Amino acid sequence: MKVKPSIPKGTRDFGPKEVYKRNYIFGTIRKVFEKFGYQPLETPTMENLETLTGKYGEEGDQLLFKVLDSGDYLKDVKPDVYESKDAKKLSFAISGKGLRYDLTIPFARFVVMNQNDIAFPFKRYQIQPVWRADRPQKGRYREFYQCDADVVGTNSLLNEAELTQIYDEVFTKLGLEVIIKINNRKLLAGLAEVAGVSDQLVHLTVAIDKLDKIGIEGVTKELVTRGINPEVMHFFIESQGLENKEKLAKVKEHLKHSQTGLQGVAEMEMLFNYLEIAHLYRAKVEFDLTLARGLNYYTGTIFEVKAVGVEMGSIGGGGRYDNLTGMFGLNGVSGVGISFGAERIYDVLEELNLFPPDVTQATTALFINFGGEFEKAAFGYLQKLHMADISAELFPSDDKMAKQMKYANAKNVHYVIFVGEEEVKRQKLTVKNMITGEQNELNIEQLVILLKQEA
RNA sequence: GUAGUUGUAGCUCAGUCGGUUAGAGCGCCUGAUUGUGGUUCAGGAGGUCGCCGGUUCGAACCCGGUCUUCUACCCCA
């Protein structure tokens, strides 16, 4: 039976060109992570469902991909659950495992499971796909990669400074101009406290976070529906556009009666002091009081990165969480981490044409196949190139020249090599540079030297 | 979860009011060109019009369902 080939909703194939480009991004990120002492970690695609549920809120639980139990999975389902025809209940009753939803919870689970073997502070990075049963949308897929770096077991704000530098260095290497926005949850808590709406902190910050997206009116409306006096907003608006230090001073004055708030101010002051010493290449650091970030497990510094000159949401984010491992029974371990939105970074680099032209060039040289003894001669030369670690290939059949040349073009091959009657007779190779069109006759040693320079 | 949108050749897309044999560009193949690609010219192959059902003498076109694409909201990367 013929089946029309297709892939599940929200998933993608990555052809060779895309993989090259994606690896360029991942590789750049990985190198910088390792330079700052972060070590790689990989966790299973599947986690036990109980590890995942309840960690991402009620909506998050609905977005988990569950993995059906093996064997006779209906046997032990309680009759009332079975009869209820409640898909949510039933799905949890017959699924003991679920696909990884992010990299942070598996990391927390790993830290708790291996706490006796880990030397704290523990710095790890992780680049793996995650899955969400979400509705696909612009820049949103059901399977996508996350690139996280976290350090746990230290309260020092030196870590925050270092993570800021990682953002700066990665995006500098990728040729992207970015703004790194920094805020602190304790400041937001302090502002809510001063305004007398501490119990509405989450709603307040979520609304304020949208300020530049939906404007003053939109935020006012949202605050009113939440039963919060929109007056709160004024302080945020007044402090917009100030220099980082001025803004911090203003916030300090405003929060002088809030202990939490002043704690946040102290943290921000210390972080900015470190950042004055830290060497940043080209990223701008901006203290953005309206920055909130969705996840409510953040407790201190929060980060978000925006690309300059493109319409795109954040391409990175993160923050400090005081008790991530607490949910698995290990208390008192503070952590801070950042994440790179690789898929969005890809789109931005594509839009701004910032991928280096040679990322997709895999094969340096192609031998044209003239068949018979010429094929054998070319095959012999090919061995020499391979032994010299040069990426090269011989076209596998003596098809028409036009076809072989087109193949070279399609694969972005830099040099095409002809080994035919003349060349074999004279022990030479004709080498054509496919970019300049230039053509030279070389012997094999000269060719190896030429191609070595290329690589 | 809510609302809209899309699906026709390998790719990007036309297709009039429901009417005979469904088109274009690009790509592919063949030839001009038996050792030179990205230029040109000539010819050719390639289709279950997403899928299932309905209305009709007749459906790519109208109706229902379903899957899919993209998008806004919620939420998020």
Side-chain angles (χ1 to χ4, degrees), chain A residues 1-12 15 56-64 87-88 100-104 127-148 202 206-207 209-210 213-214 218 222 225 292-296 303-307 312-318 337-348 366-372 374 378 395 398-424 429-441:
Chain A
M1 196 172 76
K2 202 165 78 176
V3 181
K4 199 172 189 182
S6 63
I7 55 174
K9 184 204 286 220
T11 64
R12 296 157 294 165
Y56 310 106
E58 211 172 299
E59 297 212 23
D61 285 355
Q62 298 311 311
L63 297 180
L64 289 173
K88 286 178 194 169
R100 192 197 298 131
Y101 180 89
D102 71 359
L103 302 179
T104 309
I127 300 177
Q128 285 189 279
V130 302
W131 292 268
R132 296 185 187 178
D134 207 354
R135 285 264 171 102
Q137 218 183 100
K138 186 179 180 80
R140 285 170 73 168
Y141 305 95
R142 294 185 136 186
E143 176 184 65
F144 62 96
Y145 275 74
Q146 289 194 331
C147 314
D148 284 16
V202 173
V206 166
D209 194 36
K210 295 178 185 166
K213 196 174 166 188
I214 59 177
E222 184 152 341
T225 57
R293 306 256 331 138
L295 294 170
N296 25 30
F303 299 101
E304 194 161 288
V305 183
K306 290 214 70 171
M312 181 66 79
S314 69
I315 55 175
I338 55 170
S339 184
F340 285 83
E343 324 277 350
R344 284 185 179 175
I345 293 171
Y346 184 102
D347 290 343
V348 171
L366 173 79
F367 286 91
I368 296 294
N369 190 329
F370 290 110
F374 310 117
F395 199 84
D398 61 341
D399 283 345
K400 292 188 53 173
M401 174 96 25
K403 183 173 169 139
Q404 300 193 43
M405 294 299 277
K406 275 182 186 170
Y407 176 81
N409 280 333
K411 281 191 84 168
N412 215 354
V413 171
H414 220 133
Y415 291 95
V416 165
I417 301 157
F418 303 87
V419 182
E421 203 170 346
E422 277 301 301
E423 288 85 354
V424 167
L429 303 88
T430 300
V431 179
K432 179 176 178 123
N433 182 325
M434 290 296 275
I435 294 161
T436 61
E438 219 178 315
Q439 203 161 306
N440 286 305
E441 206 168 72

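Order of the sequence lines fixes the chain letters, A, B, ..., with proteins taken first and strands second; residue numbering starts at 1 for each chain. In this text, all values refer to a predicted model and were calculated from it rather than measured experimentally.
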In whole angstrom, give the distance that lies between atom [atom1] of [X] and atom [atom2] of [N].
X      : N     : atom1 : atom2 : result
A:D399 : B:C28 : CG    : C1'   : 14 Å
A:R100 : B:A77 : CZ    : C1'   : 15 Å
A:K406 : B:C26 : NZ    : P     : 13 Å
A:E343 : B:C76 : CD    : C1'   : 13 Å
A:E304 : B:C76 : CD    : P     : 12 Å
A:M405 : B:C29 : CE    : C1'   : 19 Å
A:I435 : B:U36 : CD1   : C1'   : 16 Å
A:F340 : B:C76 : CZ    : P     : 21 Å

Rounded to the nearest 0.5 Å, how far apart are CE of A:M405 and CG of A:D399?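 A:M405 CE to A:D399 CG: 14.0 Å, rounded to 0.5 Å.
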Please report the distance separating the [atom1] of [N] from the corresponding atom of [M], rounded so that it comes out in whole Å.
N     : M     : atom1 : result
B:A60 : B:G18 : C1'   : 10 Å
B:C13 : B:U56 : P     : 36 Å
B:C49 : B:A9  : P     : 10 Å
B:G23 : B:U16 : C1'   : 14 Å
B:G58 : B:C67 : P     : 29 Å
B:G38 : B:U30 : P     : 14 Å
B:A59 : B:U8  : C1'   : 14 Å
B:C62 : B:G19 : P     : 11 Å

Using a cut-off of 4.0 Å on non-hydrogen atoms, how would the nucleic acid contact of [X] be classed: base, sugar-phosphate, or nothing?
X      : value
A:Q62  : nothing
A:E421 : base
A:Y141 : base
A:E423 : base
A:G318 : nothing
A:G316 : nothing

If you pin A:G317 and A:A402 to their nearest nucleotides in RNA chain B, which one's is more 5'?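 Its nucleotide being nearer the 5' end, the pick is A:A402.
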For A:R142 and for A:P8, find the nucleotide of RNA chain B with the closest heavy atom, then tell me which residue's nucleotide is more 5'.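 Nearest nucleotide further toward 5': that of A:P8.
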Any strand counts, and the cut-off is 3.5 Å on both contacts for Watson-Crick or G-U wobble. Which nucleotide pairs with B:C62?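 B:C62 is paired, partner B:G54.
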May I ask which nucleotide in the shown strands pairs with B:C28, Watson-Crick or G-U wobble, both distances under 3.5 Å?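 Checking every strand shown, B:C28 finds its partner in B:G44, with both distances under 3.5 Å.
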Does A:E441 have more than 12 heavy atoms from other residues, nucleotides or ligands lying within 6.0 Å of its CD?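 More than 12 within 6.0 Å, yes.
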In terms of side-chain heavy atoms of [X], which of [options] is nearest?
X      : options             : result
A:R135 : B:C75, B:A3, B:A77  : B:A3
A:M401 : B:G37, B:U36, B:A72 : B:U36
A:D134 : B:A72, B:U36, B:C75 : B:C75
A:K432 : B:C75, B:A77, B:U36 : B:U36
A:K403 : B:C29, B:G37, B:A77 : B:C29

If I compare all heavy atoms of A:K403 with all of A:F395, which pair ends up nearest, and what's the gap?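 Taking A:K403 first and A:F395 second, the nearest heavy atoms are CE-CZ, 4.4 Å.
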Using a cut-off of strictly less than 4.0 Å, decide whether [X] has a side-chain nitrogen or oxygen near OP1 or OP2 of [N].
X      : N     : value
A:K400 : B:G31 : yes
A:K210 : B:C75 : yes
A:Q137 : B:C76 : no
A:K9   : B:U68 : yes

Can a donor-acceptor pair under 3.5 Å be found between the side-chain atoms of A:N409 and the base atoms of B:G37?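 Donor-acceptor pair under 3.5 Å: yes.
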Between the base of B:U36 and the side chain of A:Q439, is one N or O donor paired with an acceptor at under 3.5 angstrom?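 Result: at least one qualifying N/O pair found.
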Determine, for A:R140 against A:D134, whether the closest basic-nitrogen to carboxylate-oxygen distance falls under 4.0 angstrom.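 A salt bridge links A:R140 with A:D134.
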Salt-bridged, A:K210 to A:E222, with N to O below 4.0 Å?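 Between A:E222 and A:K210 there is a salt bridge, with a charged N closer than 4.0 Å to a carboxylate O.
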Steps toward side-chain hydrogen bond (donor to acceptor under 3.5 Å, both in side chains) verdict (A:S339, A:Q146): CA-CA 7 Å; A:S339 184; A:Q146 289 194 331; 5.1 Å; no
Distance-only polar pair, side chains of A:Y56 and A:D102, donor-acceptor under 3.5 Å: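 Indeed, the side chains of A:Y56 and A:D102 share at least one donor-acceptor pair under 3.5 Å.
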Taking atom types as modelled and ignoring hydrogens, do the side chains of A:T11 and A:E143 form a donor-acceptor contact shorter than 3.5 angstrom?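 No.
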Please answer whether B:A77 and A:F144 are stacked, defined here as ring centres separated by less than 5.5 Å and planes angled under 30°.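 One would call A:F144 stacked on the B:A77 base.
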